[in-house]
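Order of the sequence lines sets the chain letters (A, B, ...), proteins ahead of strands, with each chain counted from 1. Hydrogens, waters and symmetry mates play no part in the numbers below; they use all other heavy atoms, side chains included.
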There are 2 protein chains.
Amino acid sequence: MKQKKREITIYDIASELNVSPSTVSRALKDHYSIGKEMIEAVKKLARERGYRPNHIAASLRKNKTNTIGVMISWINRPFISSMISGIEEEASNAGCNVIISQSHDSYEHEIANARALYNSRIGGLIVSLAMETRKYNHFSTFLENDIPVVFVDRVTDDLNCDKVVIDNFAAGLMATNHLIEQGCKRIAHIGGAQHRSIYKQRAEGYMEALRRNNMEIDESLMLSGVMLNSEEGYRMTEHLMSLPNPPDAIFSANDTAAVSAIQYAKHNGIKIPQKLAVMGFNNDPISLIIDPPLSTVSHPAVDMGKIAARQVLKHREHKDIITSETITLKTDLIIRESTLRKKR
Amino acid sequence: MKQKKREITIYDIASELNVSPSTVSRALKDHYSIGKEMIEAVKKLARERGYRPNHIAASLRKNKTNTIGVMISWINRPFISSMISGIEEEASNAGCNVIISQSHDSYEHEIANARALYNSRIGGLIVSLAMETRKYNHFSTFLENDIPVVFVDRVTDDLNCDKVVIDNFAAGLMATNHLIEQGCKRIAHIGGAQHRSIYKQRAEGYMEALRRNNMEIDESLMLSGVMLNSEEGYRMTEHLMSLPNPPDAIFSANDTAAVSAIQYAKHNGIKIPQKLAVMGFNNDPISLIIDPPLSTVSHPAVDMGKIAARQVLKHREHKDIITSETITLKTDLIIRESTLRKKR
DNA sequence: ACGTTCAGCGCAACCGATTGCGTAAATATA
DNA sequence: TATATTTACGCAATCGGTTGCGCTGAACGT
């Protein structure tokens with residue numbers, strides 16, 4: 001009844017063709033020292049017998065798997081899940097598996113996950129840092145063992161490896177400039193944890209825009225959250241609008257907080273964008289659903305994932321190359337009603 | 001310079017303790033035939049030497065990995081990514097990896113992915129079916145080889161394995177009943193592909209509610225989409241509202257289409273919920289952002305993922321048990337303004 | 001005619017853990 | 001005291017590829 005279907009191995013193929021297993025192994029991957037017709041014969045028989053390569057065995061021998069690890073904060077966030085979608089697509093095209101692990105934005109978790117992934121002998125790693133993380137020693141194990149590490153979005157300069165990012169400074173500058181063009185005079189900024197470079201750079205872009213326009217940088221209008229979630233966004237907006245001299249615009253470092261700002265405004269009869277213009281960041285689905293639609297900065301999430309995956313795969317191909325490049329993708333300012341004061 | 005740090009193996013530990021590798025192997029997993037003090041000694045030395053078990057080697061020997069495969073349509077959808085979040089959390093607590101693969105709702109992709117996952121020797125599989133899929137032979141390979149398969153949400157009755165679902169019929173009934181209670185007289189239903197049981201059952205719940213209230217079932221008010229995305233939702237709403245006798249309520253089988261219905265209504269000056277009540281399904285984040293907030297049915301996404309993972313892990317523990325259970329989780333009707341005609 | 005080159009393939013040692021079977025010593029039973 | 005049983009551990013095969021090195025015969029050069 002219970003048929004123990006033995007799997008076909010290279011040994012089966014070898015003995016059937018009266019050659020050695022090594023020849024079969026090499027033939028299957030077009031090794032240069034194997035004859036043309038032998039390669040064909042092996043592949044043909046392999047196909048006929050339904051041979052399935054055992055990656056586990058190869059991984060054991062090579063002490064490296066064809067699995068790419070992905071460390072992110074939370075899967076269930078639009079930007080992250082889209083990025084993973086891109087990673088998965090690219091990796092699966094290259095015959096690689098993708099294994100994911102969530103840090104939940106905790107430093108402790110991130111360390112534990114790094115250890116677990118390392119123990120799983122992943123062949124490459126893609127990381128978007130946890131909000132908390134300030135030290136990066138837990139990644140050096142990978143680098144020391146020639147396991148390519150690529151950072152995406154939430155990166156660090158403390159480690160010398162590939163990065164896939166957007167120009168957060170330019171994006172912050174662009175977004176703030178737009179608000180200024182729309183006639184906003186007192187622009188507040190709701191940022192994220194400032195040790196996370198993406199948030200720091202967005203804030204610096206914001207400040208640079210003010211400077212270039214000879215506008216005062218008012219520290220009391222620059223807030224930074226811990227998680228930058230909706231609760232924080234709501235409370236920070238409440239704080240800002242309760243100031244003696246409240247802002248007439250808010251540039252938020254993500255859409256979640258920006259949407260909360262809009263909701264606070266709606267609850268309190270503050271007209272958007274006339275009384276308060278709101279600019280977000282990320283182009284999350286909610287930015288298009290909220291009323292009025294939220295102006296924001298688009299993040300090429302899927303592409304960032306694809307490119308990060310490609311970088312990992314590239315390093316796996318050419319182990320000799322040790323260059324570490326930083327790839328910066330273009331962002332787009334998406335102008336919607338939440339900031340559109342001047343009708344065009 | 002380049003220190004080839006040799007990994008500690010059970011052989012190193014064995015020779016240092018002057019015992020055999022088999023003893024070390026057994027001691028590390030508390031095998032009954034190993035003495036108490038031997039177990040302690042082995043574990044102590046393993047800790048001191050920084051021994052890391054090589055799962056690859058174990059997988060090769062046992063011909064089964066500690067990796068759980070997850071097949072879903074798209075990662076970047078709120079329900080799916082939340083579910084995966086739950087799976088990952090539970091699996092990682094049990095020391096298992098999670099590898100994901102997207103079908104993009106395509107039958108062909110699903111088959112290819114199944115084959116790839118099988119070749120990866122996964123130790124268990126969690127599936128939420130692609131929209132297109134109508135045949136299920138591509139999963140039998142797993143069952144024949146005692147690899148536990150658990151279906152979540154988008155399930156099928158054609159296969160005899162575990163399922164984690166919600167009561168879609170009851171949910172559809174409940175949702176429609178609510179609309180009726182709110183005084184809606186002509187309720188339309190926007191459903192998904194009817195060969196996918198979740199959508200069929202929601203539609204049947206809808207019809208049952210009408211029947212119980214002696215309301216006519218008007219076929220022209222029952223539409224079913226292919227992907228049930230926003231474009232389809234918008235067009236179907238347009239179609240419905242252009243009928244000679246348009247509906248005064250729409251029950252959509254997901255939030256995406258429901259939000260599109262609201263947007264169509266807003267674009268065309270149709271008051272919600274007075275002129276048109278809209279009910280969604282899933283409790284996606286957008287349902288809370290859209291104005292007016294969307295009434296919907298909540299899906300315990302994270303829990304469904306956790307439970308599915310637990311089922312897989314359970315089957316891995318006790319291989320003898322071959323029961324296949326269906327676990328049905330509770331849904332909640334979330335009433336918001338989009339259906340609230342009667343002020344309470 | 002003889003040394004050289006090289007394409008083409010085989011040998012066998014890995015990679016690290018698992019496990020059925022065997023065995024010696026210790027303890028229990030008759 | 002002899003035998004049965006239990007306790008605790010070792011032996012060695014096995015999982016399926018991979019790869020450095022070595023071998024062979026034929027083509028080639030002078």
Which residues in residues 34-48 of chain B have at least one heavy atom lying under 4.0 Å from any atom of DNA chain D?
B/Ile34, B/Gly35, B/Met38
With a cut-off of 3.5 Å and sequence neighbours excluded, list every side-chain donor-acceptor pair involving residues 37-47 of chain A.
unit_1  : atom_1 : unit_2  : atom_2 : d
A/Lys43 : NZ     : A/Asp30 : OD1    : 3.1
A/Lys43 : NZ     : A/Asp30 : OD2    : 3.1
A/Lys44 : NZ     : A/Glu48 : OE2    : 2.9

Just checking A/Asn63: base, sugar-phosphate only, or nothing, at a heavy-atom cut-off of under 4.0 Å?
nothing
Can you list the residues that meet the side-chain contact (heavy atoms from CB on, under 4.5 Å) rule with B/Ser15, with sequence neighbours excluded?
none
Starting from P on C/dG16, measure out to CD on B/Glu7 and report it in whole angstrom.
8 Å
Got a list of protein N/O to nucleotides 24-27 of chain D N/O distances below 3.5 Å?
none

Residue pairs, two or more places apart or on separate chains, that pass salt bridge (Lys or Arg N to Asp or Glu O under 4.0 Å) and touch residues 8-24 of chain A:
A/Arg6-A/Asp12, A/Glu16-A/Arg49
May I have all residue pairs that pass ring pair (Phe, Tyr, Trp, His ring centres under 6.0 Å) and include part of residues 27-76 of chain A, sequence neighbours excluded?
A/Trp74-A/His104
Just to be sure I understand the rule, does A/Arg52 reach a base, reach only the sugar-phosphate, or reach nothing, if contact means heavy atoms closer than 4.0 Å?
sugar-phosphate
According to side-chain contact (heavy atoms from CB on, under 4.5 Å), who are the partners of A/Arg52, at least two apart in sequence or on a separate chain?
A/Glu7, B/Tyr118, B/Asn119, B/Arg121
Nearest heavy-atom pair of B/Ile56 and A/Ser120: which atoms, and what distance?
CD1-O, 4.1 Å
Between atom CZ in A/Arg61 and atom C1' in D/dT18, what is the gap in whole Å?
5 Å
Specify whether B/His138 and B/Tyr136 have parallel, tilted or perpendicular ring planes, treating 30° as the upper limit for parallel and 60° as the lower limit for perpendicular.
parallel
Dot-bracket assigned to DNA chain D with the 3.5 Å Watson-Crick/G-U criterion, [ ] for crossing and | for other-strand pairs, is ||..||||||||||||||||||||||||||
Heavy-atom nearest pair, B/Ile75 first then A/Glu88, reads CD1-CB, 4.5 Å
Would you mind reading off the distance between A/Ile8 atom CD1 and D/dG16 atom C1', rounded to a whole angstrom?
13 Å
According to side chain to side chain donor-acceptor pair (under 3.5 Å), who are the partners of A/Ser25, at least two apart in sequence or on a separate chain?
none
Can you see which heavy atom on B/Ser20 is nearest to which on B/Ala14, and at what distance?
C-CB, 3.7 Å
Among residues 9-33 of chain A, which residues get a heavy atom nearer than 4.0 Å to DNA chain C?
A/Asn18, A/Val19, A/Ser20, A/Ser22, A/Thr23, A/Arg26, A/Ser33
Just distance, no hydrogens or angles: give the donor-acceptor pairs under 3.5 Å from side chains in residues 125-134 of chain A, sequence neighbours left out.
unit_1   : atom_1 : unit_2   : atom_2 : d
A/Ser128 : OG     : A/Val152 : O      : 3.3
A/Glu132 : OE1    : A/Tyr107 : N      : 2.9
A/Thr133 : OG1    : A/Glu110 : OE1    : 3.4
A/Thr133 : OG1    : A/Glu110 : OE2    : 3.0
A/Arg134 : NH2    : A/His195 : ND1    : 3.3

Once you round it to whole Å, what is the distance between P of C/dC15 and CD1 of A/Ile56?
18 Å
Could you work out, with salt bridge (Lys or Arg N to Asp or Glu O under 4.0 Å) as the rule, every residue matching B/Arg77, not counting sequence neighbours?
B/Asp105
In Å, rounded to the nearest 0.5 Å, how long is the span from CD1 of B/Ile34 to CZ of B/Arg26?
6.0 Å
Distance check needed: C/dA17 C1' versus B/Leu60 CG, whole Å only.
9 Å
